[in-house]
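Note sheet for the following structure.
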Amino acid sequence: MGMDRTAVDRLYDCDVLDRHGRHIGHVVDLWLSNGRPTWASVRRTAGTALVPIRGAQVRDRRLVVPVDRREVEDAPHVDGGPTAEVHDHYGLSMPEQRLVRHDRAGGSGASAPASPRERQAMRPAR
């Protein structure tokens with residue numbers, strides 16, 4: 001079950017804090033899996049980083065994510081959506097569903113591009 005579009009849109013107005021309350025940056029893009037926000041592109045002074053937001057809490061226009069700021073600083077830089085490399089960095093498995101970029105203006109964005117290696121990583125383990 002997905003989230004209400006308005007609730008997802010409100011995440012764009014949030015500052016992102018790590019699990020210790022330290023500022024990371026602010027949300028510039030969101031990636032959904034099965035209608036739920038799971039990743040955010042976060043603008044930082046050193047550029048944009050992908051941050052996992054599953055399990056994050058919203059408090060007073062702040063999105064508190066379940067990772068440490070240092071993990072975000074050390075994350076691989078990728079253009080586009082979350083890749084297998086980014087999932088590996090945070091110790092997360094690739095979702096079975098394709099990640100979809102959320103279009104704040106309405107409608108969903110395009111699916112995240114996946115290389116053959118990433119498609120292989122997306123397949124459920126047997």
Side-chain angles (χ1 to χ4, degrees):
M1 173 74 58
M3 275 180 76
D4 174 85
R5 176 169 297 283
T6 304
V8 174
D9 283 349
R10 275 191 231 120
L11 295 176
Y12 283 93
D13 299 325
C14 289
D15 281 326
V16 179
L17 306 179
D18 77 356
R19 65 175 154 225
H20 305 292
R22 294 178 296 196
H23 189 262
I24 296 173
H26 69 275
V27 176
V28 293
D29 214 348
L30 292 166
W31 297 88
L32 309 179
S33 175
N34 208 21
R36 293 197 160 281
T38 55
W39 289 89
S41 294
V42 177
R43 182 168 291 134
R44 306 170 40 245
T45 53
T48 303
L50 287 162
V51 178
I53 60 172
R54 177 168 284 166
Q57 298 178 349
V58 179
R59 300 180 192 146
D60 300 322
R61 295 176 60 140
R62 293 184 180 126
L63 184 65
V64 181
V65 295
V67 296
D68 186 84
R69 184 171 67 188
R70 180 164 286 147
E71 288 178 272
V72 176
E73 292 168 355
D74 293 342
H77 175 77
V78 294
D79 292 323
T83 62
E85 182 182 14
V86 174
H87 278 83
D88 288 347
H89 171 75
Y90 289 106
L92 302 170
S93 60
M94 291 288 290
E96 291 181 30
Q97 306 83 14
R98 261 188 102 88
L99 294 169
V100 177
R101 189 177 64 78
H102 176 72
D103 181 2
R104 187 177 190 179
S108 4
S111 293
S115 69
R117 189 183 98 207
E118 290 165 350
R119 281 193 295 276
Q120 177 67 33
M122 287 186 229
R123 293 190 182 115
R126 295 180 191 234

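Computed from a predicted structure; not experimentally measured.
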**Cluster check Val72, Tyr12: I/L/V/M/F/W/Y, side chain < 4.5 angstrom** = yes

**Prompt:** Is the number of heavy atoms from other residues, nucleotides or ligands under 6.0 Å of Arg22 CZ greater than 12?
**Reply:** yes

**Item:** More than 12 heavy atoms from other groups under 6.0 Å of CZ on Arg62
**Value:** no

**Request:** Write down the atom of Pro52, the atom of Val67, and the distance for their closest heavy-atom approach.
**Result:** CG-CG1, 3.7 Å

**Request:** Side-chain contact test, heavy atoms from C-beta onward, threshold under 4.5 Å: evaluate it for His87 versus Leu99 and give yes or no.
**Result:** yes

**Request:** Mind checking the CG-OG1 spacing from Asp29 to Thr48? Nearest 0.5 Å is all I need.
**Result:** 9.0 Å

**Request:** Measure the spacing between CZ of Arg5 and CZ of Arg104 and express it to the nearest 0.5 Å.
**Result:** 12.0 Å

**Request:** Answer yes or no: is there a side-chain heavy-atom contact under 4.5 Å between Pro95 and Thr38?
**Result:** no

**Side chain to side chain, Trp39 and Leu32, heavy atoms closer than 4.5 Å** = no

**Message:** If hydrophobic clusters are built from ILVMFWY residues whose side chains come within less than 4.5 Å, do Ile53 and Val27 share one?
**Reply:** yes

**Message:** Consider side-chain contact (heavy atoms from CB on, under 4.5 Å). Of Leu63, Asp18, Asp68, which one does Ile24 pass it with?
**Reply:** Asp18

**Request:** Hey, could you give me the NE2/OG distance between His102 and Ser41, rounded to the nearest 0.5 Å?
**Result:** 12.5 Å

**Prompt:** Given the rule that I, L, V, M, F, W and Y join up when any side-chain heavy atoms are under 4.5 Å apart, are Leu92 and Val86 in one cluster?
**Reply:** yes

**Asked** What distance separates His89 NE2 from Thr83 OG1, expressed to the nearest 0.5 Å?
**Response** 11.0 Å

**Fill in**
Between Pro76 and Glu85, the two heavy atoms sitting closest are CB-OE2, 3.5 Å

**Prompt:** About how many Å separate CD of Glu71 and CZ of Arg19, when rounded to the nearest 0.5 Å?
**Reply:** 5.0 Å

**Prompt:** Any chance CZ of Arg43 has more than 12 other-residue heavy atoms, nucleotides or ligands included, within less than 6.0 Å?
**Reply:** no

**Request:** Give a yes or no on whether Leu30 and Val58 share a hydrophobic cluster (residues Ile, Leu, Val, Met, Phe, Trp, Tyr; joining criterion: side-chain heavy atoms under 4.5 Å apart).
**Result:** yes

**Asked** Same cluster for Trp31 and Val78 if Ile/Leu/Val/Met/Phe/Trp/Tyr side chains link at under 4.5 Å?
**Response** yes

